[in-house]
Amino acid sequence: MNHLARTLAVLAVLVVPERARADEDDYGGNNYGRIDLIHLDSSHQGRGPCLQMKPSIPGKSAWACLWRNNPLYTEIRELLQSAFITGKRCIVYWNAVDPSSHKTIDRLECWRT
C-alpha cells in the first residue's frame, strides 16, 4: 500500500463517526433486558428504586434510578416491582444521569414473555 493510500485510510477511520461510546449514552438512551437487581437507599433524598439489568446498562454506572420528581413515579415503581418479580422483559429509557452517574429513568416498557 503506498503512502497516499495509507494516509487516506487513516483519515477515513478518524473522520467516520463511531457508535456512541457508553458514557455518551448517559444523556439519552435505553436498555432492553430483565431487571436483575433492585436497590433502595434512604440516604439519597428524593431517589426511589435503582436497578441493574441483564444485559447491563451501558455507561460509567450500570445503574438506572427512578426519582420521585418523575410524574409517573408511582406507576413506574409498581411496574418495576412487578417486572422484577415476574421476570418480564423491559426497556428502560433515560435522558440524564444523577450526581452518582446513574441513569435517571424517564420511561419504562415491560411485556409478557
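Any value given below was found using the heavy atoms of this structure, including those in side chains, with hydrogens, waters and symmetry copies removed. All figures in this text were calculated on a predicted structure; none of them were measured in a lab.
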Q | Val92 and its side-chain contact (heavy atoms from CB on, under 4.5 Å) partner, picked from Leu66, Ile105, Ile35 | A | Ile105
Q. How many angstroms lie between CD in Glu109 and CD1 in Ile76, if you round to the nearest 0.5 Å?
A. 10.5 Å
Q | Straight-line distance of Cys65 SG to Ile38 CD1, nearest 0.5 Å | A | 11.5 Å
Q: Can you run down the side-chain hydrogen bond (donor to acceptor under 3.5 Å, both in side chains) pairs that involve residues 72-88, sequence neighbours left out, and say none if there aren't any?
A: none
Is any side-chain heavy atom of [X] less than 4.5 Å from a side-chain heavy atom of [Y]?
{"X": "Leu51", "Y": "Pro49", "result": "no"}
{"X": "Leu108", "Y": "Cys90", "result": "yes"}
{"X": "His39", "Y": "Gln52", "result": "no"}
{"X": "Leu37", "Y": "Trp63", "result": "yes"}

Provide the closest heavy-atom pair for [X] versus [Y] in the form atom of the first, atom of the second, distance.
{"X": "Phe84", "Y": "Asp36", "answer": "CE1-O, 3.6 Å"}
{"X": "Ala64", "Y": "Ile57", "answer": "CB-CD1, 3.6 Å"}
{"X": "Tyr93", "Y": "Asn30", "answer": "CD2-CB, 3.6 Å"}
{"X": "Gly48", "Y": "Leu40", "answer": "C-CD2, 4.1 Å"}
{"X": "Ser61", "Y": "His102", "answer": "OG-ND1, 2.5 Å"}

Q.
The criterion is side chain to side chain contact (heavy atoms under 4.5 Å, CB included); which residues satisfy it with Tyr32, sequence neighbours excluded?
A. Arg89, Ile91, Trp111
Q.
Using modelled atom types and a 3.5 Å cut-off, is there a donor and acceptor pairing between side-chain atoms of Ser101 and backbone atoms of Lys60?
A. no
Q) Has the side chain of Lys103 got a donor or acceptor atom that lies under 3.5 Å from a matching backbone atom of Asp98? A) no
Q) Considering residues at least two apart in sequence or located in another chain, which fulfil the ring pair (Phe, Tyr, Trp, His ring centres under 6.0 Å) criterion with His44? A) none
Q. Mind checking what makes side chain to side chain donor-acceptor pair (under 3.5 Å) contact with Asn70, not counting sequence neighbours?
A. none
Q) Partners of Ser43 by side chain to side chain donor-acceptor pair (under 3.5 Å), sequence neighbours excluded? A) Asp41
Q: Under 4.5 Å between side-chain heavy atoms, chaining through other members, with only Ile, Leu, Val, Met, Phe, Trp and Tyr counted: pull out the rest of the cluster around Trp67, sorted by chain and number.
A: none
